[in-house]
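For the single chain, residues carry numbers from 1 onward in sequence order. Keep in mind that the numbers below use all heavy atoms, side chains included, and drop hydrogens, waters and symmetry copies. Just so you know, these numbers come straight off a predicted model, no measurement behind them.
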Amino acid sequence: MALSMKGPVRLKLPRDPLFRLLAVNGLAGTAIAGLVLGGIFLGNIGNLRVLVMSAEDPVLPVIMLAFGLFITLGSVVMGSAIMLLGETGRSGKGGGGAARHRLPISFTGQMKPVPVPARANRGHDLRR
């Protein structure tokens with residue numbers, strides 16, 4: 001029996017650019033989580049591999065750890081992609097408005113006390 005390949009397998013992505021962005025970055029976060037999970041077990045961090053392998057049902061702890069890593073790292077990658085949507089490059093003139101709110105590098109002005117009027121609250125006794 002011969003296997004016939006018609007061509008490369010392509011992933012069906014959504015047409016909407018935002019959903020496509022989320023799907024691609026979600027898959028990237030899942031791949032990163034898989035690498036982290038493999039690294040945890042390969043490096044035997046915290047003696048976790050030995051602990052899991054000596055468990056009565058070793059599949060359940062692996063699934064629970066993988067689920068937590070997939071949710072955490074997938075959402076981190078997707079969130080960072082959304083935060084970087086307006087960036088146009090290193091010029092700092094893209095989204096977020098970080099360039100507009102930066103303080104000057106050097107402060108040369110004199111510091112002066114500013115009087116702030118405050119009314120006393122007569123409902124509370126401060127002599128406790």
Side-chain angles (χ1 to χ4, degrees):
M1 179 152 83
L3 295 174
S4 65
M5 296 281 297
K6 293 182 180 180
V9 177
R10 293 193 51 118
L11 185 65
K12 180 85 171 155
L13 291 174
R15 288 181 168 236
D16 186 22
L18 179 63
F19 290 135
R20 185 180 312 129
L21 175 81
L22 291 176
V24 168
N25 286 290
L27 289 175
T30 301
I32 292 170
L35 289 173
V36 169
L37 181 67
I40 287 173
F41 284 122
L42 185 67
N44 198 17
I45 296 175
N47 213 16
L48 190 63
R49 179 180 60 204
V50 174
L51 185 64
V52 167
M53 294 311 254
S54 65
E56 186 177 318
D57 183 19
V59 176
L60 183 64
V62 172
I63 289 174
M64 290 175 62
L65 181 61
F67 182 74
L69 285 172
F70 291 157
I71 293 295
T72 303
L73 295 177
S75 55
V76 163
V77 172
M78 287 172 26
S80 64
I82 289 178
M83 298 288 183
L84 293 173
L85 270 178
E87 290 291 324
T88 58
R90 292 187 168 256
S91 66
K93 295 179 181 173
R100 292 188 302 258
H101 301 295
R102 288 195 185 132
L103 293 175
I105 294 174
S106 62
F107 178 75
T108 58
Q110 293 287 331
M111 293 176 57
K112 299 178 201 173
V114 177
V116 178
R119 294 185 306 185
N121 191 355
R122 298 176 188 213
H124 294 85
D125 186 16
L126 299 176
R127 293 178 277 167
R128 290 184 195 184

Is there a path of hydrophobic side-chain contacts, each under 4.5 Å between heavy atoms of I/L/V/M/F/W/Y residues, joining Phe41 to Ile45?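 Looking at the clustering, Phe41 is in the same group as Ile45.
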Show me the donor-acceptor pairs, under 3.5 Å and distance only, between side chains in residues 54-79 and residues at least two apart or in other chains.
{"residue": "Ser54", "atom": "OG", "partner": "Val50", "partner atom": "O", "Å": "3.0"}
{"residue": "Ser54", "atom": "OG", "partner": "Leu51", "partner atom": "O", "Å": "3.1"}
{"residue": "Thr72", "atom": "OG1", "partner": "Gly68", "partner atom": "O", "Å": "2.8"}
{"residue": "Ser75", "atom": "OG", "partner": "Ile71", "partner atom": "O", "Å": "2.7"}
{"residue": "Ser75", "atom": "OG", "partner": "Thr72", "partner atom": "O", "Å": "3.0"}

Among pairs that include at least one residue of residues 31-47, which meet side chain to side chain donor-acceptor pair (under 3.5 Å), considering only residues two or more places apart or in two chains?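 Passing the test, one end in residues 31-47: Asn44-Asn47.
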Review item, side-chain donor-acceptor pairs of residues 24-39, under 3.5 Å, at least two apart:
{"residue": "Asn25", "atom": "ND2", "partner": "Leu21", "partner atom": "O", "Å": "2.8"}
{"residue": "Thr30", "atom": "OG1", "partner": "Gly26", "partner atom": "O", "Å": "2.8"}

State the CE-CG distance between Met83 and Leu85, to the nearest 0.5 angstrom.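 Between atom CE of Met83 and atom CG of Leu85 there are 10.0 Å.
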